[in-house]
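Notes for the one structure printed next.
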Amino acid sequence: MTKLATREYPVHGAGLGLRRSMMGEDLSSEAVDFLEVAPENWIGVGGRYGRWFRQYTERFPFVIHGLSLSIGAPAPLDLDLVRSIKAFMREHSIRCYSEHLSYCSDHGHLYDLLPIPFTAEAVQYVAERIRVVQDVLEQRIAMENVSYYAAPGQEMTELEFLNAVLREADCDLLLDVNNTYVNAINHRYDPLEFLRGISSERIRYIHVAGHYDEADDLKVDTHGAPVIDPVWQLLEQAYQIHGTAPTLLERDFNIPPLPQLLKEVERIRAIQAAQSVEASYVHGR
């Protein structure tokens with residue numbers, strides 16, 4: 001058995017990022033196993049959107065993926081936001097909170113996810129801030145490996161930096177397979193080597209998404225297109241390396257009709273099922 005096959009996850013199966021444009025859609029628990037939202041988009045929301053959201057949190061397991069914690073920023077942590085997230089999680093029985101291993105503010109919001117320098121000093125700085133957040137929330141959080149397009153002041157590889165932060169902060173990982181694919185092309189490294197270098201025990205769940213092909217050697221993470229075949233193949237390889245983990249489809253704009261999105265969710269399920277059959281065959285031999 002793989003390590004992940006015996007782990008307890010906050011959710012299971014195949015999930016979908018819930019967007020307000022889906023309000024009124026007939027989304028069933030047979031179609032998706034769990035849902036994800038950005039807490040900043042829903043904290044304090046009332047009226048019909050608030051009632052709609054409550055209906056969904058009562059029917060589905062939920063995870064949340066933050067947008068504005070800005071864990072690598074020079075500015076102080078927004079602990080009021082963290083406390084609001086804590087209350088939101090309790091109110092809606094949220095299973096897991098994740099954020100981006102990046103920063104997006106400096107005495108004001110920068111409206112972009114910027115790369116944290118891959119340095120030993122940054123590891124210590126970021127890990128301490130993650131520990132503070134975990135202490136306030138009274139639970140572990142998961143940090144996502146982000147797409148990046150420059151590596152200022154680089155002293156270590158992306159993988160070395162990621163593992164050092166996870167280890168020093170003693171937090172978990174939201175593994176984004178599309179970001180792994182995009183970064184591997186943009187920064188010319190082997191995505192399988194990256195996946196093999198991650199600790200299975202750290203993975204809480206997985207993201208897949210689409211991206212934009214700017215050029216053969218430049219991919220831009222957009223979440224605005226269908227997942228491409230090489231990313232699906234990389235997801236299969238991630239399962240082979242780490243075991244079958246809960247996986248969520250992200251789509252943030254150019255959102256197609258729900259049935260089209262659910263076909264991609266079903267493809268996640270199909271890959272998970274095939275991997276489970278393969279694992280059972282191997283371990284049963």
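- At least one side-chain heavy atom of Thr247 sits less than 4.5 Å from a side-chain heavy atom of Tyr239.
- With respect to the salt-bridge test (charged N to carboxylate O, under 4.0 angstrom), the residues Arg90 and Glu138 qualify.
- Counting all heavy atoms, side chain and backbone alike, Leu137 lies closest to Lys86 at CD2-CB, 3.6 Å.
- Phe88 and Tyr97 have their aromatic ring centers separated by at least 6.0 angstrom.
- Clustering ILVMFWY residues whenever any of their side-chain heavy atoms sit less than 4.5 angstrom apart, transitively, puts Leu101 in the very cluster that holds Val133.
- At least one donor-acceptor pair closer than 3.5 Å links the side chain of Arg20 to the backbone N or O of Asn41.
- In plain terms, the two heavy atoms of Asp26 and Leu258 that are nearest each other are O-CD2, 4.3 Å.
- Taking every heavy atom of both residues into account, Asp33 and Ser29 meet most closely at OD1-O, 4.5 Å.
- The backbone N or O of Ser70 lies less than 3.5 Å from no partner atom in the side chain of Glu99, so there is not a single donor-acceptor pair.
- In terms of the side chain to side chain donor-acceptor pair (under 3.5 Å) criterion, Thr222 has no residue partners (sequence neighbours excluded).
- Taking the six-membered ring for Trp and the full ring otherwise, the centers of Phe118 and Tyr148 sit less than 6.0 Å from each other.
- In this structure a side-chain-to-backbone donor-acceptor pair under 3.5 Å is present from Arg251 to Asn254.
- Each of Arg131, Arg202, Gln134 was compared with Asp170 under the side chain to side chain donor-acceptor pair (under 3.5 Å) criterion, and only Arg202 meets it.
- In this structure, the side chains of Val11 and Phe62 stay at 4.5 Å or more apart for every pair of heavy atoms.
- With hydrophobic clusters built from ILVMFWY side chains whose heavy atoms lie under 4.5 angstrom apart, Leu16 shares a cluster with Leu175.
- Below 30°, between 30° and 60°, or above 60°: for Phe53 and Trp42 the angle between ring planes is below 30°, a parallel geometry.
- Other residues, nucleotides and ligands place more than 12 heavy atoms under 6.0 Å from the CD atom of Glu58.
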How far apart are the C-alpha atoms of His211 and Ile228, what are their side-chain angles, what is the distance that settles it, and do they pass the side chain to side chain contact (heavy atoms under 4.5 Å, CB included) test? CA-CA 8 Å; His211 60 265; Ile228 65 171; 3.4 Å; yes
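- Using modelled atom types and a 3.5 Å distance limit, the side chains of Glu40 and Ser68 yield a donor-acceptor pair.
- Within the 3.5 Å criterion, the main-chain N or O of Thr157 finds a donor-acceptor partner in the side chain of Glu160.
- Using a 30° and 60° split on the angle between ring planes, Tyr189 and Phe194 fall in the parallel class, below 30°.
- Note that CD1 of Ile198 is 6.5 Å distant from CG of Leu159, once rounded to the nearest 0.5 Å.
- Of all heavy-atom pairs spanning Leu249 and Leu261, the tightest one is CD2-O, 3.6 Å.
- We find the CD1-CD1 distance between Ile203 and Ile241 to be 9.0 Å, quoted to the nearest 0.5 Å.
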Quick one, Asn179 with His100, criterion side chain to side chain contact (heavy atoms under 4.5 Å, CB included). Give me CA distance, side-chain angles, the key distance, then yes/no. CA-CA 11 Å; Asn179 289 350; His100 302 84; over 6 Å; no
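- Separation of atoms CE (Met156) and OG1 (Thr119) is listed at 6.5 Å; rounding is to 0.5 Å.
- Between Leu234 and Leu195, some side-chain heavy-atom pair lies under the 4.5 Å cut-off.
- Glu193 CD: 12 or fewer foreign heavy atoms inside a 6.0 Å radius.
- Smallest separation of non-hydrogen atoms from Gly72 and Val126: CA-CG2, 4.1 Å.
- There is a side-chain donor-acceptor pair under 3.5 Å between His207 and Glu144.
- Just one residue in the list Asp78, Ile43, Leu79 forms a side-chain contact (heavy atoms from CB on, under 4.5 Å) with Ser84, and that residue is Ile43.
- A donor-acceptor pair under 3.5 Å is absent between the side-chain atoms of Glu236 and the main chain of Gln275, judged by distance alone.
- When hydrophobic clusters are built by joining Ile, Leu, Val, Met, Phe, Trp and Tyr residues whose side-chain heavy atoms come closer than 4.5 Å, directly or via intermediates, Ile141 is grouped together with Val37.
- Counting heavy atoms from C-beta on, the side chains of Asn183 and Val146 never come closer than 4.5 Å.
- Thr180 contributes atom OG1, which lies 6.5 Å from atom CG of Asp176 (distance to the nearest 0.5 angstrom).
- Of all heavy-atom pairs between Val227 and Glu264, the closest is N-OE2, 2.8 Å.
- Linking Ile, Leu, Val, Met, Phe, Trp and Tyr whenever their side-chain heavy atoms come within less than 4.5 Å leaves Ile71 and Leu174 in two separate clusters.
- Side-chain atoms of His65 and Glu36 form no donor-acceptor pair, as typed in the model, at a separation below 3.5 Å.
- Taking the six-membered ring for Trp and thresholds of 30 and 60 degrees, Tyr56 and Phe60 have nearly parallel ring planes, at less than 30 degrees apart.
- Side-chain contact between Leu27 and Leu262: present, with at least one pair of heavy atoms (C-beta onward) separated by less than 4.5 Å.
- You'll find the side chain of Gln237 reaches within 4.5 Å of the side chain of Gln240, heavy atoms only.
- The distance from atom CZ of Arg140 to atom CD1 of Ile130, rounded to the nearest 0.5 Å, is 11.0 Å.
- Within the 4.5 Å cutoff, the side chain of Ile94 has no heavy atoms near those of the Ile85 side chain.
- Taking CD1 from Ile268 and CD1 from Ile206, the interatomic distance works out to 9.5 Å, rounded to the nearest 0.5 Å.
- Linking ILVMFWY residues whenever their side-chain heavy atoms come closer than 4.5 Å, directly or via other members, leaves Val63 and Val177 in distinct clusters.
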